[in-house]
Amino acid sequence: MKKITLITLLMLSAGQLWAQRGDRGDDGGGSRSQFSRGTQQQNTTVAPPLANRDVSGIVKDESGQTVIGATVVLKSKSDTISVATNADGIFVIHAVKQNTFNVTVTSVGLRQFVQKYAFSASKKNLVLDPITLKNASNRLGEVTVNGTPSVTYKEDTVEYRASDYKVRENATLDELLKKMEGMEVGSDGSLTHQGQQVTRAKLNGKEYAGGDVAQAIQNLPADIIEKVQIVDDYGDQAARTGIKDGDPQKVLNVTTKADRSVGTTGRITGQYGSAGRYNAQLFVQRINANQQLGIIGNLRNTVLGVSSTGLQGGATNDGGGGSGVGSNARGGGNGGGGGGGNAPSGGTTRSGSPSFNYRDQWNKKIQVVGSYAYNFRDNNSFNENYGKNYVTNGTFANKSNSENDSKSHNLRFEMDINLDSANYLQLTPNYSYNNSSSMNSSYQDAVNYYPATARDSARFEHRVDNGTNSSLNSSSNYGITAFYLHLFKKPKRNLSLQLAYNYSQSKANSEQNTVYSYFADETLNLPLPGLDSIAHNITNRTNETKSLQAVMTYVEPLGTKSLLEFSTNWSRRNNTVTSLVSVYDSLTNTLQAAPQYSSIYDYTVTDARATVDYRFVNTKVNISLGASAVPFYLDGTKLNAALGTNASSSISNFRFIPAFRFAYSWSRTERFTLNYSGRNQEPSFTQIQPFTDISNPGHIIVGNPNLKPSFSNAINAQYNNYFANSKFNLSFGVVATRIDDAIIQNNNTPTVNGRKVTETEYLNINGTKSVVGRYSISKQSENRAINLALNGNVSYSYSPQMRSGQLYHQTTWRFDERLGPRITPSDDFEINPFLGYDIARYFTSIPNIPDSGLSGSTSINGFNSTATQLQTTSLGLQGRMYFFKTWQINYDATKRFISGINGGNTTPLIINAGFEKEFLAKRNLVLTFNVYDLLHQNNYLQKVVTGQGETNTISNTLSRYFMVGLRLNLQKWSGTPQRNGRNMQRRGDGSFIYN
């Protein structure tokens, strides 16, 4: 009776389980299969045995990390097949004849794995449970060999194994990154890898939080991270087709641990400080395999200031001009100042940015990714700077106060559709909207000694500009991109097509009211009556752009290791700009239309690129060799304000551009790459207009309809080597660039109506070149308690420029090095001393400026050469100490010795310090207190040097402040993602595979 009862219960349980399984379908709780709940006709047909089958699986070590290069041997009565695991620890064995077999897995330093398997003879794809290799017990001496090195180099990826870098409980991703070789993390959340800026962030292979790097590294918990990857990203199309075009972006991709891929993590921060400062942040993230749902928000009020010395080159600028239109048609004129550009020197900013991110695997075929972010920023700033203008042998001093408020909405959505095993479709619509307002009051005092030219005699001018500017701006942008990929039955053969449409519109309404005053000498004591003027005008500007792009690629395999790649890229952009100016008449006090100062133009740019590449790929070598045909065409019309008629202009160009990529991998930890690329940079329509544009009487533009596109040649070489057993990493890189037909400005300062104005014309010239060398060397001790890191860069640039028809140049050398040991003798003590040395030398030859009087200037063959050298030596000490288990003290002290800047504090000692106290059983509630610039010495000068001059910016005097706050960390995890009762396998980027 007991046996009958037991059998009955088992049958009822089996029936219930089958019913539940049928109602769930095969997705483990996702979409439901449509089964009738009535009585079903059972199919008793048995599938025939298969002739062969595919066997796949993944190999890991005891820490859960995948094992690269493990040997997998499958043996049966009819089979003896050996393969190796790939870069993601995955193996696939094809054409297995028997359904019962033995598998043996071996890897250096790990124990051998042997197991027998038996499957149904009718099953085609056999997926083994994850295979775990245990650590070997017999090790030789002090040599530690693991299944996967801490750092591995793949073709376009540098990968770090997160478990090898120890951080304390409740640490965030940025703290983990600081311990990794070649990483530099800024206090603002910026990330640099081996000297190059990381621009976007991904989580498990998909864009995260709109791609914001700071949001990702400052909020994601370190203990959920399995791997950190730095990827040379050429875009989704290149990732799927293998055809790479253009320059890659540096992208951070973070993969979560399998047992931290189902759960929720949260972080709440609130801080309040002196002078009304506050900072509030919210981070909540729900993860379930490929499903992600997150809310990120921040609200803060900060005081702005210059936080570091400005050993920087600055952007080249014209050095000139008021942009105003005079009410008597005489105003405006050349400002003569601004050698290097302005930097904010103080003020406050109130900002906030709530955002939402979503990712989900709707079913086996469809995955979606979406994000929305709202940003607002209310900035009140004051600026004060002074400097020299090389080209006018002049000096300037500026003061300004401004109020700038802005708001933006950004919405992005992506849908990935696997139509079937051979066809894939991706749709990516996007939308953004921005509006801003500004009010600025400014004062500029410029003294200029204009040199004599062939067109004009030498002239002295002392002008003071005092006025206000206000503007209301708005812009909207929307578009959609569709990408389709077809995989043929022949392996590696594929065809792709990408279509994109984008529309943008911007509107700017501005008002300028500036008084221009002139003086007879360098003082303000002798005004020149009759020359003063007022520029009071209103400008309404509308800009509309429509663009269409089509990209097609085709890959044809020529053998097991070689491919022939074809790609075409066609784009067409139409741009319409209308700028209407009205001027207040000072006599009638009325607003009058000023068509002579208006600008209306419409132009279209059509360019294309057709490329053929031959690529050879094997285990060690990857070579790509090809060429591109690049036609370019620009045409349009623009209003000639002087004549009141439209003028047409067009330009066409055709180039053959070679392409070359070479990569050699001695092993998974040693790699060398060498790439050559060429790219056109087309001129703007304003630069090729066939007339002289006087719509801004203070800055006249002379068009050049014969202008050619500039062409940039770039060679990029990179060598990486990680010695796993020694924990020693070397990275060297060099980028050399030469620009043919570079588009430069020829700036003149003619006298118009008794005043000096700026006149700019555009020319092609050869000779622009630059070389940048970067290196990163790091050595860690066996237990990673000590990390010695030396990194830096050496750069050289040569830039021809022109003034009044005479050619001169700017040469820049920069040597920037940093030695930064990180020492962690115990879990409770961390000390990071560093030594930095940064020297930059700017050499500018200035034409025909007799006896310039500038510091460091000498006369060579009729040219005055001006040399500027900026040098900073930095000594620093950073670290933290933990005591009584729940207390922490942190400190950051930097002493700088600055030369090349006169005035301000050139030997500042900047000390930041704070403490933290942890509460609750999990120590996840933290009280924080921080003091910044304790000695109040962060008030030195920032210098920017360009080919036109030098700008010194006076830094913020409110740099000393404190912040007190609370931080709460919450986490709850429920295990590894499963499907059909088995752990889900993953791709190399961390995404989970839905079978």
Side-chain angles (χ1 to χ4, degrees), residues 234-238 241 243-247 412 425-432 475-485 495-507 541-554 565-579 599-612 627-639 646-657 659 677-690 703-712 741 743 762:
Y234 292 85
D236 287 344
Q237 186 174 23
T241 65
I243 298 180
K244 302 167 186 175
D245 184 32
D247 299 320
R412 186 179 183 276
L425 178 65
Q426 181 187 83
L427 299 174
T428 311
N430 64 84
Y431 173 78
S432 65
S475 64
S476 61
N477 180 87
Y478 62 83
I480 186 169
T481 300
F483 169 65
Y484 169 76
L485 174 68
L495 173 70
S496 76
L497 178 63
Q498 178 174 290
L499 298 174
Y501 173 78
N502 197 77
Y503 174 84
S504 64
Q505 184 185 71
S506 62
K507 295 182 179 181
R541 184 181 179 90
T542 302
N543 190 328
E544 183 181 75
T545 303
K546 302 174 184 178
S547 64
L548 181 64
Q549 183 182 36
V551 182
M552 186 183 73
T553 70
Y554 176 75
E565 301 172 341
F566 302 89
S567 65
T568 59
N569 187 329
W570 176 90
S571 67
R572 185 178 180 87
R573 301 184 302 276
N574 177 258
N575 190 271
T576 302
V577 177
T578 303
S579 180
S599 177
I600 301 173
Y601 57 93
D602 185 303
Y603 69 94
T604 300
V605 177
T606 304
D607 58 13
R609 176 184 289 252
T611 305
V612 179
S628 299
V630 183
F632 167 80
Y633 183 68
L634 183 154
D635 71 310
T637 60
K638 184 173 182 178
L639 173 67
N646 287 330
S648 300
S649 185
S650 64
I651 183 175
S652 61
N653 184 263
F654 183 87
R655 272 197 173 102
F656 274 108
I657 302 176
S677 61
R679 181 168 297 276
N680 269 342
Q681 180 62 52
E682 67 269 11
S684 68
F685 186 70
T686 298
Q687 293 171 336
I688 67 167
Q689 60 190 353
N704 181 1
N706 298 316
L707 206 62
K708 302 176 184 177
S710 63
F711 179 67
S712 175
D741 294 324
I743 299 174
Y762 300 94

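In what follows, residues are counted from 1 in the order of the sequence shown.
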Taking only residues two or more places apart in sequence, or in another chain, which ones meet Ala629 in a side-chain contact (heavy atoms from CB on, under 4.5 Å)?
Phe654, Phe656
When rounded to the nearest 0.5 Å, the distance separating OG1 of Thr606 from CZ of Arg573 is 8.5 Å
Minimum heavy-atom distance between Gly479 and Asn502, given as atom pair plus value:
CA-OD1, 3.8 Å
Shortest non-hydrogen pair, Pro690 vs Ala647, comes out as CG-CB, 3.8 Å
Among all residues two or more places apart in sequence or in another chain, which pass the side-chain contact (heavy atoms from CB on, under 4.5 Å) test with Ser648?
Thr637
So, Ser475 versus Ser506: side-chain donor-acceptor pair below 3.5 Å or not?
no
Is the side chain of Ser579 donor-acceptor paired with the backbone N or O of Ser599 at a distance under 3.5 Å, no angle test?
no
Do Ser476 and Ser504 have side chains that approach each other closer than 4.5 Å (heavy atoms only, starting at C-beta)?
no
Interatomic spacing from CD in Gln687 to OG in Ser649 - rounded to 0.5 Å
11.5 Å
In this structure, CZ of Arg655 is separated from CZ of Arg679 (nearest 0.5 Å) by 13.0 Å
Of Asn574, Asp635, Thr576, Asn575, which meets side chain to side chain donor-acceptor pair (under 3.5 Å) against Thr604?
Asn574
Quick one: are Asp741 and Phe711 in side-chain contact, heavy atoms under 4.5 Å?
no
Minimum heavy-atom separation for Ile743 and Gln681, please, with both atom names.
CD1-O, 4.3 Å
Would you name the heavy atoms of Asn430 and Ile480 that are closest together and state the gap between them?
ND2-N, 4.4 Å
Separation of Glu544 CD from Tyr503 OH (nearest 0.5 Å)
3.5 Å
Does a side-chain heavy-atom distance below 4.5 Å link Pro709 with Ile651?
yes
Applying side chain to side chain contact (heavy atoms under 4.5 Å, CB included), run through Asn680 and Asn653 and close with a yes or a no.
CA-CA 10 Å; Asn680 269 342; Asn653 184 263; 3.9 Å; yes
Would you say the ring centroid of Tyr478 lies under 6.0 angstrom from that of Tyr431?
no
Take atom CZ in Arg412; do more than 12 heavy atoms of anything else shown fall under 6.0 Å from it?
yes
Atom CD in Glu682, atom CG in Leu707: separation rounded to 0.5 Å?
11.5 Å
Between the CD1 atom in Ile688 and the NZ atom in Lys638, the distance rounded to the nearest 0.5 Å is 10.5 Å
If I compare all heavy atoms of Phe483 with all of Ser496, which pair ends up nearest, and what's the gap?
CE1-CB, 3.6 Å
Find out whether Gln549 and Thr481 are in side-chain contact, i.e. whether some heavy atom of one side chain is under 4.5 Å from a heavy atom of the other.
no
Heavy atoms only: give me the nearest Leu495-Thr553 pair and the separation to one decimal.
CD1-O, 3.3 Å
